[in-house]
Structures are given as structure tokens and as C-alpha cells.
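Just so you know, residue 1 is the first one in the sequence shown, and it goes up from there. Because the structure is a prediction, the values reported are computed rather than measured. Indexing begins at 1, ligand by ligand and atom by atom, following the structure's order.
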Amino acid sequence: MEDQDYMKVALQLAEQGSGQTSPNPLVGAVVVKNGQMIGMGAHLKAGEPHAEVHAIRMAGAEAEDSTVYVTLEPCSHHGKTPPCADLLISSKVKRVVIAAEDPNPLVAGRGIKKLLAAGIEVVSGVLNSEAEALNKVFFHFIQTKRPFVTLKWAGSLDGKTATVTGESKWITGEEARLDVHKYRELHDAILAGVETVIKDDPSLTCRLENPKKQPVRIVLDTHLRTPETAAVVNDGLSETWIITGSGVSPEKIASFQKKKAVIIQMNTPAIEIDNLLLLLGEKNITSLFVEGGAAVHGSFIKSGLFNEVVSYAAPMLIGGKDAPPAVGGAGFRGINEAIRLKIKQTEILGDDLKIVCVKKEG
Ligand code: NDP
Ligand code: ZN
């Protein structure tokens, strides 16, 4: 086997932690000596040992003179656990192969430098794009201090989310709806506008069997209009954060805090998307799944502050000038202002079409 093959194994190990390592990255490590894998490990939860620690522990004394494959540059600073670079040095490994360097500009390269200074051979960039894709959320979060934002909607082929009378159940089928729950499980938080909460009273939970976690539910609600009877503030199935503008009175907020919801007040009258994302980043929300409605999607699009779009289209035509669209808001006036996307993935789910797009660079 070659470096790439072992790195593939390390990446597969890393992937096992999907949805459960936030705010940490997904990392896998494999220790190889004389063509044999003698240790492997993955980082599975923040605060728990790093991948290298598990892998080196498994290899034991045999780690001496081995090659260690790790999907992310070993850490060089004292966090919740001691630096992995030190562990690799004290274990006397001969060679370290890395897929991606640390994305944090302040620490990038330091782990590698430490290893090199100790006389360890270092190869970096093996399966680099695969490693960066696996940790796209972490890389974005570390570099921008804001969550990776995915906008999601489901509608008819002609872009409607309900009929003119407001009927919307069901446009897409079971497979598409199940797919949404898979996304919910992988995200730190789900976001919806207060109108969606008022009109649909959604529970915004992940309803897979044994989900790894329940995402935080976030409601954008400038004037605190969320009904006190809403499921998200009563069911206790996950945390709920209601974001309000600066104008809501302390009395009103106090009445809500008896409910199972946290009220977070912005210091501006309206909720600005960029400030919101910074605030969520400070609270270690690394990934945000925006589920609408149209007005909220409109604001995110206008701000340009999103990374991906997941759109489910049912082969159905609803029509009607006044039937609600997937995206509302003011929109753009010129085609040159419109946001161009690149199709990353298409899939048929049951009878529906799923399209995943990313923003075009530049
Ligand atoms: P939204 O759910 O998008 O909520 C909009 C409200 O959120 C605004 O009126 C505003 O009220 C509040 N808000 C606070 N800050 C912002 C901000 N920065 N940008 C935008 N809104 C903000 O309302 P819609 O009426 O557009 O959509 C609701 C409908 O969408 C529902 O009927 C639901 O069924 C449907 N829907 C469909 C989905 C689909 O995929 N098919 C997904 C989700 C919803 P205020 O000023 O009081 O704060
Ligand atoms: Zn480490």
C-alpha cells in the first residue's frame, strides 16, 4: 500500500466522528510499520483524546520507527489535551504523513515545524482536497469565526412552497424528508423565521432513530412574537434560542425565560445576518442549517453569507402568482447582482430531485 491508501483509511476513520466532534475537526490517524497497520484512532468528541493519541496508544512501544498518517496537522499547543506533536516525538516515530495543514492562520505549520525540528520526516498534502472537503465546516469556522451556512428548501418544480391557499403538505416525498433529518443531525443548529413558527409550529428536531445529537433550534424573532404555546419553547426536545432585536422589553423577555427557551437580544433594532453569524460563532455554532421561510432565505441571500444550498424539487407544478416562493425578500434588481452557484451534487430521492449547490468563488 502507498501513502495515499493509508491516508484513505485515516480519512475513513475521521469520518466516523461526523456530527459529534463540534467545535473540533474530524481527524483520523493510522500508525504503520513494516507494511502493517499497528494502530488507528479517530477523534470522536470534543474534550476526548485526539486521533493520534488513540492510534499511538494502540501501537504501544511498536510506534518507534513507524510512519503515522494523520488527516490534519498534529496540534502543537496545550488545549484540553497535551500537544500531539510532542506525543509523536516522544514515541520516536520516524515519519509523519499529513493530509491538511492546520487552517488556523495563527498556528498553521507549527506542528509540522516541531516535528521537523525533532528530526522526524514530514510529508504534507497527501489527499489534501479530500481532507479539506471532509472538514469544510471546521475550516470555514476557524477562518471566519462564523458558522458554515447551508440554506435548505423544498418546493415544486416551479419553485413554490405552498399553494395560493397556503396548503403545503406534502409537496416532497418521504425520502426527501428523511434526507432533511440527516442534515439536521449533522448540524450544530437549525434556524427558522418567526412566521414559520407561527404558521407551522414545527418541532425542528432530528427525527432519525438514535440521532447523534439534537441541533440547537434558533428562531429569528425581532419583536418576540413567538407564541408562548409554540412547540419549540415547550417540548424541551432540544435547546431553543430566540433571537430578538434590541427593542423588546425586559418584562416580555422575563415571561419567556420561564419557558424552555433562551432569549438572545441583538444590540441593533433589526437582526443583521452578519452580526447574527458572528454571535453564533462565539457560541461555538460551527454549522447552521437554515430552513426558511421565504423571508429568512431572502435575507441570507441578500447578505451573501451562506456556503451551500440544498434544494428539493418535487415534479409538481403549483403555479399562482401569490403562491409562496422558496425565497422571498427584496431580491436583486440586476442579473449581474444575482448570486451564481455551482452544482455540486444531484440525486433522485424517491420521486424528487435534490440539488446541492455551492457559491461560485470570486
Ligand atoms: P419566515 O418564516 O421567513 O419568517 C419571517 C419573519 O422572521 C419576518 O417577518 C421577521 O418577523 C422575522 N425576521 C427576523 N429577522 C429577520 C431577518 N433578518 N430576515 C428575515 N426575517 C426576519 O416567514 P415567511 O412568511 O416568509 O415564510 C413562512 C412560510 O414558509 C411558512 O408558511 C412555512 O410553511 C414556509 N416554509 C417552507 C419551507 C419549505 O422548505 N418549503 C421551509 C420553511 C418554511 P419580525 O419582523 O417580526 O421579526
Ligand atoms: Zn492533537
Just going by heavy-atom distances, which of [options] is nearest to [atom]?
atom                    : options                : value
atom 45 (P) of ligand 1 : Leu220, Thr222, Val296 : Thr222
atom 20 (C) of ligand 1 : Gly155, Ser168, Ser299 : Ser299
atom 33 (C) of ligand 1 : Leu151, Asp200, Val327 : Asp200

ask   = Is there a side-chain contact between Arg184 and Glu291 (heavy atoms, below 4.5 Å)?
value =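 Yes; the side chains approach each other to less than 4.5 Å.
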
ask   = Within a strict 4.5 Å, meaning less than it, do heavy atoms of the Ser287 and Pro147 side chains meet?
value =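 Ser287 vs Pro147: side chains apart.
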
message = Please evaluate residues Asp188 and Lys213 with respect to the criterion side chain to side chain contact (heavy atoms under 4.5 Å, CB included), reporting the C-alpha separation (whole Å), side-chain torsions for both, the decisive distance (0.1 Å), and the verdict.
response = CA-CA 9 Å; Asp188 290 342; Lys213 66 164 191 299; 3.9 Å; yes

Suppose I only count heavy atoms of [X] and a 4.0 Å limit; which atoms of ligand 1 are within that range?
X      : answer
Ile271 : 14 (C), 15 (N), 18 (N)
Val194 : 4 (O), 6 (C), 7 (O), 11 (O), 12 (C)
Ala295 : 3 (O), 5 (C), 20 (C), 26 (O)
Gly193 : 1 (P), 2 (O), 4 (O), 7 (O)

task = Determine, step by step, whether Glu228 and Lys259 satisfy the side chain to side chain contact (heavy atoms under 4.5 Å, CB included) criterion, reporting the C-alpha distance in whole Å, the side-chain angles of both residues, the deciding distance to 0.1 Å, and the verdict.
result = CA-CA 8 Å; Glu228 295 207 7; Lys259 300 272 171 194; 3.7 Å; yes

Checking the N or O distance criterion of under 3.5 Å, is ligand 1 in contact with [X]?
X      : answer
Trp153 : no
Asp221 : no
Lys199 : yes
Thr161 : no
Gly293 : yes

Between the side chains of [Y] and [X], is the shortest nitrogen-to-carboxylate-oxygen separation below 4.0 Å, so that they form an ion pair?
X      : Y      : result
Asp235 : Lys260 : no
Asp65  : Lys92  : no
Glu64  : Lys94  : no
Glu308 : Lys136 : yes
Arg95  : Asp3   : yes

What's the shortest distance from [atom] to any protein heavy atom, and which residue and atom give it?
atom                    : result
atom 11 (O) of ligand 1 : Arg225 NH2, 3.2 Å
atom 42 (C) of ligand 1 : Glu291 O, 2.8 Å
atom 23 (O) of ligand 1 : Glu195 CB, 3.0 Å

2.8 Å cut-off (strict), protein N, O or S atoms about the Zn ion (ligand 2) =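 Counting protein N, O and S atoms closer than 2.8 Å to the Zn ion (ligand 2) gives 3.
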
request  = Please verify whether a non-hydrogen atom of Ala154 lies at under 4.0 Å from ligand 1.
outcome  =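 In this structure, Ala154 qualifies as a contact of ligand 1 - some heavy atom is under 4.0 Å.
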
query = Is the NZ or CZ atom of Lys359 positioned over Phe306's six-membered ring, under 6.0 angstrom from the centre and within 45° of the axis?
reply =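 Ring-cation test returns yes.
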
Arg177 to Trp170, cation-pi by 6.0 Å centre distance and 45° axis angle =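 Judged by the rule (NZ or CZ under 6.0 Å from the ring centre, within 45° of its axis), Arg177 counts as positioned above Trp170.
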
message = Below a 4.0 angstrom heavy-atom separation, can you tell me which part of Thr196, side chain or backbone, both or neither, approaches ligand 1?
response =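 It is both backbone and side chain that touch ligand 1.
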
task = Anything under 30° is parallel, anything over 60° is perpendicular, the rest tilted; go ahead and classify His50 against His43.
result =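 It falls in the perpendicular class, over 60°.
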
Interatomic distance, Thr244 atom OG1 to Ile253 atom CD1 [nearest 0.5 angstrom] =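 Nearest 0.5 Å value for the OG1-CD1 distance: 5.0 Å.
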
inquiry  = Atom CD of residue position Glu174 - does it have more than 12 heavy atoms of other residues, nucleotides or ligands inside 6.0 Å?
reply    =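 For Glu174, atom CD is not crowded (no more than 12 foreign heavy atoms under 6.0 Å).
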
